[in-house]
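First the structure, in the form of structure tokens, and then the observations on it.
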Amino acid sequence: MHNELLQQLTPSQKKAVFHVEGPLLVIAGPGSGKTRVITHRIAALIDSGVRANNICAITFTNKAANEMRQRAIALGASAEGPRFGGTQPHISTFHSLCVRILRRYAEQAGINPNFSIYDESDQAGCIKQAVKDCELDTTNFPPVRMLEAISTLKNNLIDVDRLKAQADDFFSKTLAKVYARYQQILAECSALDFDDLLSKTAFLLQGNDEVRSELSNRFKFLLIDEYQDTNRAQYVIAKALVSAHNNICVTGDPDQSIYRWRGADIRNIIEFENDWPNATIVKLEENFRSIANILEVADNLIAANQKRKPKILIPTRPHGEDVRLRCFEDETEEAQGVAEQVKNLVDNGALLREIAVFYRINAMSRTLEEAFILNKIPYQIVRGVEFYSRKEIRDVLAYLKILVNASDETALLRIINAPARGVGKTTIEKVRAYGQSHNISLYEALKKAEHIDSLSKAPKAKIAVFVNMLEQFKKELAGEVAPIIERVFAESGLEKALQAAGADGENALENVNELISAASLYDQQAEQPSLLDYLQQTALFSDVDAYDTAADRVALMTLHTAKGLEFENVFIIGLEDGLLPHERSTNNDEELEEERRLFFVGITRAKQGLYISYARYRKIRGQTLRTIPSQFLYELGADAIDSVKEEQYFYDEADAQTIPDFAPGQLVRHKFFGLGTIKEFVDMGENSIVTVEFKTGQTKTLMLKYACLSKI
DNA sequence: GCGAGTTATGTTTTT
DNA sequence: CATAACTCGC
């Protein structure tokens, strides 16, 4: 590596970069140059004679992987030592890596290498079927809840047999049945869901010595970023991949763990030293990103978390402007306020692409969008999955899936009558019944439709045309993907149907064209383009991946999506009780602390300007409700915040009233919720809090000074 | 078989 | 408020 590249590194960064053999834990606070350390480390390994393709780096998103690959190659290209020389390090997400492993060792894993990957909406169909097949009542066993439970089981590597063995109550036993049926349905479709990708790989590596040893010798150096957000399955995969050498390097920050709900286990990073007793530990505590004011606020906030090792952020940048907190009347004014401040910043030379707005839930983007349109500010909502969940896109992809994987019934059912070709519910049921009684897949049954007695002439003919078309497509599946998509789109009749649909169809047509251009980009970039690979890749495409950092537009995204990114100016909106922390995440301290970390992640994205806001009233599900400021606001430290000093955002005179004593059992009336009974009263003077159980059945915790409760 | 219109229902975060 | 599920008439 060139000297100038090395001079950019601090002593601790260098320590992490040049630690070669053995386990390494890099605890890296926000803005500490963690990504740079990893890319330099990849280059340093290659410099020291390690073959590039013996290195495997795992990132949290595909976008991060792409960026890291480019940077690592750039460093390698400028290196004095051995070059990348045609081979490249494997850099991808856990999920992409698993797809590759499962495809390669499909036989050992007991799966079809042409497996389809099922997303949330595909899963929804399967779980509904499973619940139905188990003859369960969907009110007592909501499919979505069952799916959540199954997902948790898979993330913890509990398979059907193990659950059956340990289930001792009615719910677990029922869940085991649904789980079993759900897995059976997926297997019949040769499909894996997101969790399967991880768990099947983990089980394969755990159970097959040969595969484990082969892969561990292939990847002699493993690097894992964002290790604080790995779950049990990912942990097992990591352990297996380094079983032959222990050359594992993980980087992460316990304070930025925000995926507990997805099975992420913070213990993975906290107990790294126990897992690998001879581990070298490097701490990167200096922050090169944010001005000192922002770091003070972040420090104050995160200090409120009880379950953490104390750690402070060491600023390297001087103080600048204070963090600003603003209160608005309602969500519309808040959005307008953000838009005006954005214009202000731009007038003072800020770049739109260096501005971001974060919120807790996607639904909040709507009001912002309206304000940005009104104020003619270019913006992009960072939520690219939406593209792949559009109807027309899903239709096209379903055609492709069935061509690659004939057992994918979910895909088949989607397109069998799209565009309408007169094959309706009744016909499908008849074919299905035939298939079931002859023990063949739906597609096989369709092929044999002429032998199904219950079908009349017309449907038989229509089915024959459909099956013939698919069989024709199947003959030319090799090579580049874009031409295949074009052909399928045109000949399936989808294109015609959209053309006939007028204005709505026009937009859909554009989307499909965009899909085709994306596919030809894939064709150019892939070493060996194949339809199967393309489908399995696009299934893993996520929202940040579509984020165009070069476009000069304000970025709008959720706090979760903001992870790993940085901006000159950051707005965080909706700092209200129930939103941040979210009401569904306040059941226990762990959840509350994770919400705090989420806010912490948001704050530490900002380099220069940080603007926090909340609204006094907010419309939720069509109802305007009085809000309570988020408890997190009190934790930021009033000294470090502008406008707390100037204006009384925390305490509004207009709403002030003499605060009477409320004892538990007191009957009260609230202007929105009506009659209720006091359950709990916490006397904190003007900040007193009451918990009220309302006649509507809801229980709410309110700040007395805003709640306007009257005694009855 | 199909689509329009109606009614119920349920709301976090994502690879 | 937004969407899914459902009904009904053609």
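Chain naming here is simple, since letters A, B, ... match the order of the sequence lines and numbering starts at 1 in each.
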Give a yes or no on whether A:Lys457 atom NZ has more than 12 heavy-atom contacts from other residues, nucleotides or ligands under 6.0 Å away.
->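 Atom NZ in A:Lys457 is not crowded, with 12 or fewer foreign heavy atoms closer than 6.0 Å.
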By the 4.0 Å heavy-atom rule, please label [X] as base, sugar-phosphate, or nothing.
{"X": "A:Phe94", "answer": "nothing"}
{"X": "A:Ser585", "answer": "base"}
{"X": "A:Asn62", "answer": "nothing"}
{"X": "A:Asn362", "answer": "sugar-phosphate"}

Could A:Arg605 and A:Phe567 be counted as a cation-pi pair, given that NZ or CZ must be under 6.0 Å from the ring centre and within 45° of the axis?
->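 That pair does not qualify as a cation-pi contact.
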Charged tip of A:Arg262 within 45° of A:Tyr259 ring normal and under 6.0 Å =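 Yes, cation above the ring, under 6.0 Å and within 45°.
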Nearest-nucleotide 5' precedence on DNA chain B, A:Leu198 against A:Gly424 |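 That would be A:Gly424.
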Identify, between A:His582 and A:Phe60, the residue whose nearest nucleotide on DNA chain B lies closer to the 5' end.
->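 Looking at the nearest nucleotide for each, A:His582 comes out on the 5' side.
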Using centres under 5.5 Å plus planes under 30 degrees as the test, is A:His560 stacked with B:dT13?
->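 One would not call A:His560 stacked on the B:dT13 base.
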Let me know the distance between [atom1] of [X] and [atom2] of [N], rounded to the nearest Å.
{"X": "A:Gln536", "N": "B:dT15", "atom1": "CD", "atom2": "C1'", "value": "15 Å"}
{"X": "A:Arg232", "N": "B:dT15", "atom1": "CZ", "atom2": "P", "value": "24 Å"}
{"X": "A:Gln537", "N": "B:dT15", "atom1": "CD", "atom2": "C1'", "value": "14 Å"}
{"X": "A:Arg584", "N": "B:dG10", "atom1": "CZ", "atom2": "P", "value": "11 Å"}
{"X": "A:Met557", "N": "B:dT14", "atom1": "CE", "atom2": "C1'", "value": "15 Å"}
{"X": "A:Arg262", "N": "B:dT12", "atom1": "CZ", "atom2": "C1'", "value": "13 Å"}
{"X": "A:Arg360", "N": "B:dT14", "atom1": "CZ", "atom2": "P", "value": "9 Å"}
{"X": "A:Ile573", "N": "B:dT12", "atom1": "CD1", "atom2": "P", "value": "17 Å"}

With the side chain of A:Ala420 defined as its heavy atoms from C-beta on, choose the nearest nucleotide among B:dC2, B:dT14, B:dT12.
->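 Minimum distance to the A:Ala420 side chain belongs to B:dC2.
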Taking the side chain of A:Trp261 as its heavy atoms from C-beta onward, which of B:dT14, B:dT15, B:dC2 lies nearest to it?
->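 So the nucleotide nearest the side chain must be B:dT14.
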Pick out which of A:Glu593, A:Glu590, A:Glu594, A:Glu591 makes a salt bridge (charged side-chain N to carboxylate O under 4.0 Å, His left out) with A:Lys307.
->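 That would be A:Glu590.
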Contacts to DNA chain B from residues 143-156 of chain A, heavy-atom cutoff under 4.0 Å, which residues?
->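 When residues 143-156 of chain A is checked for heavy atoms under 4.0 Å from DNA chain B, there are no hits whatsoever.
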Between A:Asp193 and A:Lys200, is the closest basic N to carboxylate O distance under 4.0 Å?
->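 No, no charged N to carboxylate O under 4.0 Å.
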I'd like to check the ring-ring contact (aromatic ring centres under 6.0 Å, His included) partners of [X]; sequence neighbours left out, ordered by chain and number.
{"X": "A:Phe115", "result": "none"}
{"X": "A:Tyr434", "result": "A:His438"}
{"X": "A:His95", "result": "none"}

Quick one: is [N] close enough that its OP1 or OP2 comes under 4.0 Å of any side-chain N or O from [X]?
{"X": "A:Asn417", "N": "B:dC2", "answer": "yes"}
{"X": "A:Thr561", "N": "B:dT14", "answer": "yes"}
{"X": "A:Thr558", "N": "B:dT14", "answer": "yes"}

Could you write out each protein N or O paired with an N or O of nucleotides 2-5 of chain C at a distance under 3.5 Å?
from: C:dA2; atom 1: OP1; to: A:Arg366; atom 2: NH1; distance (Å): 3.0
from: C:dA2; atom 1: OP1; to: A:Arg366; atom 2: NH2; distance (Å): 2.9
from: C:dA5; atom 1: OP1; to: A:Lys128; atom 2: NZ; distance (Å): 2.5

Looking at A:His560 versus A:Trp261, is the centre-to-centre ring distance below 6.0 Å?
->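 So the answer is yes for these two rings.
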Listed pairs under 3.5 Å, donor-acceptor, residues 361-370 of chain A side chains, sequence neighbours left out:
from: A:Ser365; atom 1: OG; to: A:Asn362; atom 2: O; distance (Å): 2.9
from: A:Glu369; atom 1: OE2; to: A:Tyr379; atom 2: OH; distance (Å): 2.8

pair A:Arg232-A:Val236: side-chain heavy atoms closer than 4.5 Å =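 Heavy-atom side-chain distance check passes, below 4.5 Å.
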5'-most by nearest nucleotide on DNA chain C - A:Lys425 or A:Lys619 |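 Final value for this comparison: A:Lys619.
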P-based separation of C:dA4 from B:dT13 [nearest Å] =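 Looking at atom P only, B:dT13 and C:dA4 are 15 Å apart.
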